[in-house]
Amino acid sequence: MTAFKSDFLHILQQRGFVHQCSDFEGLDALAAKGQATAYVGYDCTAPSLHIGNFLTMMMLYWLQQSGNKPITLMGGGTTMVGDPSGKDESRALRTIHEIEANKASIRGVFAKVLRYGSGPGDAVMLDNAEWLTKLNWIEMLRDIGRHFSVNRMLTMDSVRLRLEREQEMSFIEFNYMVCQAYDFVELSRRVDCRLQMGGSDQWGNIVNGVDLGRRMGTPQLFALTTPLLTTASGEKMGKTAQGAVWLNADQFSPYDFWQYWRNAEDADVMKFLKLFTILPMDEIARLAALKGAEINEAKKVLATEATALLHGRDAANAASETARQTFEEGSIAENLPTIEISRGELEAGFGVLAAFVKTGLVASNGEARRQIKGGGLRVNDAAVSDDKMMLRSADLTPEGVIKLSLGRKRHVLLRPA
């Protein structure tokens, strides 16, 4: 393990964030002086960021805590192009209206983790639409495009893998790496940004920016990536039966977020405590040493601390208490996720398959039937055995709800409106 002089790189290495760096020694010296202004780019392809973005937000968090300056770059311009990284086909192009709506929706999440303001160490939010949409095509080709080798561009994973699979890549996507590289140059000129960070799948694009900066006369730029998130079983992290683990509370509730961490595999607890909480390392070591049934206590701490970081301490404590009431007391906690249905639907009879699909506990009627065969679905804690079962007003509990459960850990309430 390298002995870094800067708190920033020392913390990131200690917690497992570091995958690749273009120049450890140079970046370490810059960060040790408190002069490392760094950015991560976030395209506006959806109304919410996801858990992979949470990882890079934590890199910015530790950058700020170590006395350096973070920039969150909104991809108002690059979202118009579409990042081909990790995709077998072109992303659907978003309209300007969609991009602006998504941008407005995701902006608020950053302030949960970072401190914004006008001070030297305060975070800044910028938008690459400010410069990318003003580029003149011919000038862009002459001033920027001439520095790119098509031969080298064809070796980038985002391009090479698509071509190897004989999947079409559009000309607009081919230019994404040019836009991203130019972002780095522009940020260097505007705010003396010297470091770009991202997931390891962005390494090629980030290094392109470092090289473009050298060719266009910026001070030395640096690249730093974090490993892509996978679980101990080798699966890509951040997927559930409901879909992606979103960061906005209106798309993935604090309770669901808490449950996501509570359900982590035993072998992942220490890694996740390092990456997604700000607990001291000695406390993480103590929790990671717990064995057998005690590991569940460590998972509850992980869930509460990660949720508090993103949604606030009150929401995290409420989620923890809801889980305690649901699992330990067997009661129906009022803070469980709730879906409303019309009273008329319930009086007429509401199919159990449709009910589980509507709540998002399963993705389809077919999945619901498979779960029923395996004894995985419950209504008011009683196993469902008949896929033609109808839910009616008589199934309402004294609390006026119907509790639907998938396995032992996922519950949603149906409430007539």
Side-chain angles (χ1 to χ4, degrees), residues 1-19 21 24 27-28 31-34 36 38 40 51-70 109-116 121-123 195 197 224 226-227 229 231-232 237 245 247 254 257-321 323-324:
M1 185 176 285
T2 306
F4 291 116
K5 298 175 184 175
S6 67
D7 288 343
F8 172 58
L9 282 179
H10 174 70
I11 291 169
L12 256 57
Q13 183 184 54
Q14 193 178 39
R15 287 182 172 264
F17 285 95
V18 176
H19 181 62
C21 182
F24 275 123
L27 178 57
D28 191 34
K33 298 176 191 172
V40 177
I51 205 165
N53 303 126
F54 193 27
L55 185 68
T56 55
M57 286 166 60
M58 291 306 299
M59 296 176 81
L60 291 172
Y61 170 84
W62 290 116
L63 178 88
Q64 187 169 49
Q65 294 302 307
S66 59
N68 295 281
K69 188 179 185 68
V109 75
F110 295 107
K112 306 280 184 66
V113 177
L114 301 172
R115 182 187 71 254
Y116 285 84
D122 289 337
L195 169 64
M197 302 188 293
L224 180 66
T226 190
L229 285 174
T231 64
M237 188 182 166
V245 178
L247 303 188
F257 194 74
W258 191 95
Q259 278 294 331
Y260 177 79
W261 299 107
R262 171 63 182 82
N263 294 334
E265 296 178 38
D266 292 0
D268 285 325
V269 173
M270 185 173 186
K271 177 172 77 170
F272 292 166
L273 282 166
K274 288 179 180 179
L275 295 174
F276 296 105
T277 80
I278 57 175
L279 291 173
M281 289 299 294
D282 56 354
E283 175 64 7
I284 291 173
R286 184 191 70 79
L287 291 167
L290 297 175
K291 303 296 181 186
E294 287 186 327
I295 195 71
N296 290 324
E297 295 307 310
K299 291 180 182 181
K300 291 175 187 176
V301 173
L302 166 64
T304 300
E305 294 302 314
T307 305
L309 201 55
L310 186 67
H311 295 296
R313 183 63 61 181
D314 289 346
N317 290 339
S320 177
E321 177 60 17
R324 189 189 68 78

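Since the model is a prediction, treat every value here as computed from it, not as a measurement. Residues: numbered from 1 along the sequence shown.
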Which heavy atom of [X] sits nearest a heavy atom of [Y], and at what distance?
| X | Y | answer |
| --- | --- | --- |
| S66 | D7 | CB-CB, 4.0 Å |
| L114 | A123 | CB-CB, 4.1 Å |
| M58 | I278 | CE-CG2, 4.0 Å |
| R262 | A303 | N-CB, 3.8 Å |
| A316 | A308 | CB-N, 3.5 Å |
| L273 | I284 | O-CD1, 3.5 Å |

Side chain R15, main chain K274, donor-acceptor under 3.5 Å: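 Yes, the answer is positive, given that a donor and an acceptor are paired below the 3.5 Å cut-off.
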
Exam field: side chain K299 to backbone V269, donor-acceptor pair closer than 3.5 Å: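 Side chain of K299 to backbone of V269: no pair is present.
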
Residue pair V301, L279: steps toward the side chain to side chain contact (heavy atoms under 4.5 Å, CB included) verdict: CA-CA 10 Å; V301 173; L279 291 173; 3.8 Å; yes

From CA spacing to verdict: side chain to side chain contact (heavy atoms under 4.5 Å, CB included), L55, F17: CA-CA 8 Å; L55 185 68; F17 285 95; 3.7 Å; yes

Set of side-chain hydrogen bond (donor to acceptor under 3.5 Å, both in side chains) partners for N317, sequence neighbours left out: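 Applying side-chain hydrogen bond (donor to acceptor under 3.5 Å, both in side chains) to N317 gives none.
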
Residues in side-chain hydrogen bond (donor to acceptor under 3.5 Å, both in side chains) contact with Q64, at least two apart in sequence or another chain: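 Scan of Q64 (side-chain hydrogen bond (donor to acceptor under 3.5 Å, both in side chains), adjacent residues dropped) gives none.
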
Can you tell me how far the [atom1] atom of [X] sits from the [atom2] atom of [Y], to the nearest 0.5 Å?
| X | Y | atom1 | atom2 | result |
| --- | --- | --- | --- | --- |
| T277 | W261 | OG1 | CH2 | 10.0 Å |
| M59 | I11 | CE | CD1 | 12.5 Å |
| T307 | Y260 | OG1 | OH | 12.0 Å |
| D268 | N263 | CG | CG | 12.0 Å |
| L63 | T56 | CG | OG1 | 12.0 Å |
| N68 | L60 | CG | CG | 11.0 Å |

Greater than 12 external heavy atoms within 6.0 Å of K5's NZ: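 12 or below, so no.
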
Partners meeting side chain to side chain contact (heavy atoms under 4.5 Å, CB included) with S320 (sequence neighbours left out):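 With neighbours one apart ignored, the set is W258, T304.
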
Pairs satisfying ring pair (Phe, Tyr, Trp, His ring centres under 6.0 Å), at least one member in residues 285-315, at least two apart: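 The answer is F257-H311.
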
Criterion side chain to side chain contact (heavy atoms under 4.5 Å, CB included) on L309 and F276, from CA distance to verdict: CA-CA 8 Å; L309 201 55; F276 296 105; 6.0 Å; no

So [Y] and [X], do their side chains get closer than 4.5 Å, heavy atoms only?
| X | Y | answer |
| --- | --- | --- |
| L229 | F54 | no |
| T226 | M197 | no |
| L224 | L9 | yes |

Qualifying residues under salt bridge (charged side-chain N to carboxylate O under 4.0 Å, His left out), relative to E265, sequence neighbours excluded: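 Residues passing salt bridge (charged side-chain N to carboxylate O under 4.0 Å, His left out) with E265: none at all.
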
Residues in ring-ring contact (aromatic ring centres under 6.0 Å, His included) contact with F24, at least two apart in sequence or another chain: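 Checked F24 against ring-ring contact (aromatic ring centres under 6.0 Å, His included); matches are F4.
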
Pairing of K300 and E305 as salt bridge, 4.0 angstrom limit: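 No, this pair does not count.
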
